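Report on the structure given below.
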Amino acid sequence: TLARGTALSQVLDSRGYESDQIREITRLLGVYRDPRTLLPGTTLLFSAVTHGVPDQIRFELNPDSILHFVRSDSLWTTRIELVPFVMDTVRVTGVIESSLWSARLGGDLNRFRKKDFEELVYDLADIFAWRVAFTRDVRRGDALRVALERKIRPDGSVRSRHFLAIELRNGGRVLRA
């Protein structure tokens, strides 16, 4: 793991790589990402070895792709692994008590993490921003129904999502998006 003030070359050196190998690994990484932009906390996973230096390195470029470095003899190669995802369709229904945050909600809420639900509420406010002021126009008894499709990574995080249908009953109006 890169610590604050530690360069990639220092981590590789500490694992026993020679300077020419460090330059080659850094050059190969540069095709995908500038090595100088690596943040503290960036994790590199090295293959286990009984002697010598690891011949494989795993590096997460972003949440959706992993860069693998593999050494065969003295030649390093790279390959990208795309993180798989599953499609997930969820629905949320609710009756508003005093605000969208305090609505009595139902549906597939158990499939939302807290952060995902917060983003959903903010997105709903953005979608209806020109038609409903959620801080003052929402009344007790207003209701909403939402259907959305999400791409979920193996760790449970949401890669992307899009709304399939939204209905908001606000006073006497029915708003759809």
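The structure displayed is predicted, hence computed values, not measured ones. Atom set for the values below is all heavy atoms of this structure, side chains included, hydrogens, waters and symmetry mates excluded.
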Just so I know, are the side chains of [X] and [Y] near enough to count as touching, which here means a heavy-atom distance under 4.5 Å?
X: Q56; Y: R58; value: no
X: K151; Y: V86; value: no
X: E167; Y: L175; value: no
X: P63; Y: S157; value: no
X: R27; Y: P35; value: no
X: V146; Y: L124; value: yes
X: I166; Y: L144; value: no
X: E18; Y: D13; value: no

Residues [X] and [Y] bridged, charged N to O under 4.0 Å:
X: R161; Y: D123; value: yes
X: R153; Y: D155; value: no
X: R113; Y: D116; value: yes

Candidate pair S65 and N62, rule side chain to side chain donor-acceptor pair (under 3.5 Å), full reasoning: CA-CA 6 Å; S65 55; N62 59 54; 3.1 Å; yes
Starting at [atom1] of [X], measure out to [atom2] of [Y] and round the result to the nearest 0.5 Å.
X: D108; Y: D88; atom1: CG; atom2: CG; result: 7.5 Å
X: T77; Y: E24; atom1: OG1; atom2: CD; result: 10.0 Å
X: E60; Y: R33; atom1: CD; atom2: CZ; result: 9.5 Å
X: Q21; Y: D55; atom1: CD; atom2: CG; result: 10.5 Å
X: R104; Y: E97; atom1: CZ; atom2: CD; result: 4.5 Å
X: M87; Y: E149; atom1: CE; atom2: CD; result: 3.5 Å

Check for a donor-acceptor pair, side chain of [X] on one end and backbone N or O of [Y] on the other, with a separation under 3.5 Å.
X: R173; Y: R131; value: yes
X: D142; Y: I96; value: no
X: Q10; Y: A7; value: yes
X: R111; Y: T89; value: yes

Is the number of heavy atoms from other residues, nucleotides or ligands under 6.0 Å of N110 CG greater than 12?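 More than 12 heavy atoms, drawn from other residues, nucleotides or ligands, come within 6.0 Å of this atom.
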Hydrophobic clusters here meaning ILVMFWY residues chained together by side-chain heavy-atom distances under 4.5 Å, can you tell me if [X] and [Y] are in one?
X: L105; Y: L164; result: no
X: V158; Y: F163; result: no
X: V121; Y: V132; result: yes

To check you understand the geometry: which heavy-atom pair defines the closest contact between [X] and [Y], and what is its length?
X: P40; Y: A3; result: CB-C, 4.2 Å
X: R71; Y: P54; result: NH1-O, 3.9 Å
X: A177; Y: I127; result: CB-CG2, 3.8 Å

Apart from L12 itself, what residues make up its hydrophobic cluster when side-chain heavy atoms of I, L, V, M, F, W and Y under 4.5 Å apart count as a link, directly or indirectly?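 When side chains under 4.5 Å apart are linked, the cluster holding L12 also contains L2, L8, V11, Y17, I22, I25, L28, L29, V31, Y32, L38, L44, F46, V53, I57, F59, L61, L67, F69, W76, I80, L82.
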Run the side-chain contact (heavy atoms from CB on, under 4.5 Å) check on F128 and N170 step by step: do they pass? CA-CA 11 Å; F128 291 111; N170 176 240; over 6 Å; no
Who passes side chain to side chain contact (heavy atoms under 4.5 Å, CB included) against A125, sequence neighbours left out?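 Once residues adjacent in sequence are excluded, the partners of A125 under the side chain to side chain contact (heavy atoms under 4.5 Å, CB included) criterion are F134.
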Regarding H68 and E81, do their side chains bring together a donor and an acceptor under 3.5 Å, going by distance alone?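 Judged by distance alone, the side chains do pair up.
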